[in-house]
Number of protein chains: 2
Amino acid sequence: MSSDTGPTPPRRRSFRGVAPEARKQLRRQQLIDAAIEAFGERGFHGVTVREICAGAQLTERYFYESFRGLDALFIAVYSQLNGELRDATLQALANTEKQPLGLAEAGLRVFFEYVRNDPRRARIMLIEAVSIGHDSRRIAEEATRNFMNLTRDVVDRLIPQARKLGIDVDLLSAALVGANIHAATRWLQEGFSTPLETVMFTIGSMYRTLINHMGGEAQRSLIASKVKTAAPSGARGTPRPALKSK
Amino acid sequence: MSSDTGPTPPRRRSFRGVAPEARKQLRRQQLIDAAIEAFGERGFHGVTVREICAGAQLTERYFYESFRGLDALFIAVYSQLNGELRDATLQALANTEKQPLGLAEAGLRVFFEYVRNDPRRARIMLIEAVSIGHDSRRIAEEATRNFMNLTRDVVDRLIPQARKLGIDVDLLSAALVGANIHAATRWLQEGFSTPLETVMFTIGSMYRTLINHMGGEAQRSLIASKVKTAAPSGARGTPRPALKSK
DNA sequence: ATAAAGTGACAACAGTCGTTGTCAAAACTA
DNA sequence: TAGTTTTGACAACGACTGTTGTCACTTTAT
């Protein structure tokens, strides 16, 4: 029962003037940067550990120093990109008048500018992230859900009557996020030949129309579908199928 | 210079009562069915040729008899699923009164029912197809584009003034298709706990609102943005950025 | 200066995959 | 029945991957 801690633990030193922990973080970031390049160019499944290491100018040992495998690296990459976009969004929102429609426009603009400014990052976030195996996908789902929740809050505030009319606000938010993602993906694949302002005007008009009219339209269709029972009170009640209006 | 055609070409025969060509087509379909199961369950990148063959109860030789590789098989799978959905859509449209809004509802219903009735096929069409390497993806892009074009024609007919107001109709269609896909994907991942009619009501309300009000809303924002020059005549002209309304 | 820690290039290993080939048994034709 | 086609099971090959290990060289600390 001595206080022997086993074989001598190596004493860590500085190297080229930087502390051990800082060196490790630096290497980690090099790997992430190389991964953004590789994933964005060839996709998650077209990339190997060796390629990442070559791109980062590091050897495999340092890869496993920071990541358990490619999945973990992808999660780190996605987290970083998602954080960048989130921060840019929050900053833009902070610099905008607190009009709800203005906020929505600012968020849209940040999103589309982010996509245009770095197509590789866009590909990772928009395309790769939703298609990885069960391990990494949850992160992407969670991040997408964050944006969806943000959208849902906006919807809840701007179309407050929606919920009472039987609209599934979560589903609607998912649809709107999907509209953004798909529009951005198409814009990306077309080489951004459409001017940003045209994109903003098109998608913005869509949002504005929904915000200004969706509540009334849903209510009208409820009435038109002859539901004379008590108004469906928000719960899981299935509204009538009818879709005709006017 | 004899009429010798080289080594004797093997004379083909029937087997268990079915002709050679029919046997080949049968095997091909077995492989496709096994692939739907495998791709839908484990995703394109989690599947091997050997697994497909085991699932189809065939050996590798017959795999390469019908397909050059997994890419080709995936293309065949996707084509089949896409054809099924397309046929179901066309049939539903044929059995519907020719009211534009009714047609839109019928199309939506077919789409969501198709997704719910076979989640594996849905995963292949909604998730896997957009994430494959450059080879197979073009097929999915083309098929998605078909749906987008269909949507675009609907938009062009139901919101005829959109184009003149500076809205990019192709982009709007892409966004709407994306809204459908994302809503369906979320519905799938939630285990279809939301009733179909609620989904129909929510997404249907979205469409109906856009159809009935988007033209007017876009025009209003154009006026509000003080564009007093001649109305942008449909072409690539960049509309004003402003989004505020009312 | 000398010993230890850090680094980089790369060998080595086991595993898997796509793909082609072998071969005997089953089924068919004559 | 005899010969040929078809089938199924599986071996074999090369290529690639993730992962760990080796070793000489550089930098640091004493």
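Naming: A, B, ... by sequence-line order, numbering from 1 per chain.
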**Q** Report, one pair per line, the protein and nucleotides 21-23 of chain C atoms (nitrogen or oxygen only) whose separation is under 3.5 Å.
**A**
none

**Q** What I'd like to find out is whether the side chain of A:Thr59 reaches to under 4.5 Å of the side chain of A:Cys53, using heavy atoms alone.
**A** no
**Q** Counting side-chain heavy atoms from C-beta on, which of D:dT7, D:dG8, C:dG8 comes nearest to A:Leu58?
**A** C:dG8
**Q** Determine: side-chain N/O of B:Arg23 to OP1/OP2 of D:dT7, distance under 4.0 Å, yes or no.
**A** yes
**Q** Dump the pairs, protein N or O against N or O of nucleotides 26-30 of chain C, anything under 3.5 Å, distances to one decimal.
**A**
| residue | atom | partner | partner atom | Å |
| --- | --- | --- | --- | --- |
| C:dC28 | OP1 | B:Arg16 | N | 2.4 |
| C:dC28 | O2 | B:Arg13 | NH1 | 2.8 |
| C:dA30 | OP1 | B:Arg11 | NH2 | 3.4 |

**Q** Hey, could you give me the CD/CG distance between B:Glu84 and B:Asp118, rounded to the nearest 0.5 Å?
**A** 8.5 Å
**Q** Polar pairs (N or O, both sides) under 3.5 Å between protein and nucleotides 13-17 of chain D?
**A**
none

**Q** Within less than 4.0 Å of OP1 or OP2 of C:dT20, is there a side-chain N or O belonging to B:Tyr64?
**A** no
**Q** For B:Glu60, give me all partners under side-chain hydrogen bond (donor to acceptor under 3.5 Å, both in side chains), at least two apart in sequence or on another chain.
**A** none
**Q** Can you list, in residue-number order, the parts of residues 31-40 of chain A that come under 4.0 Å of DNA chain C, counting heavy atoms only?
**A** none
**Q** Go through DNA chain D and write down every stem, that is, every run of at least three consecutive Watson-Crick or G-U wobble pairs with distances under 3.5 Å, as range with range.
**A** C:1-30 with D:1-30
**Q** Nearest whole angstrom, please: distance from the C1' of C:dG8 to the CZ of A:Phe63.
**A** 17 Å
**Q** Sort out for me which residue in B:Lys24, B:Arg27, B:Arg23 forms a salt bridge (charged side-chain N to carboxylate O under 4.0 Å, His left out) with B:Glu65.
**A** B:Arg27
**Q** Please give, in whole Å, the distance from D:dT6 P to B:Lys24 NZ?
**A** 12 Å
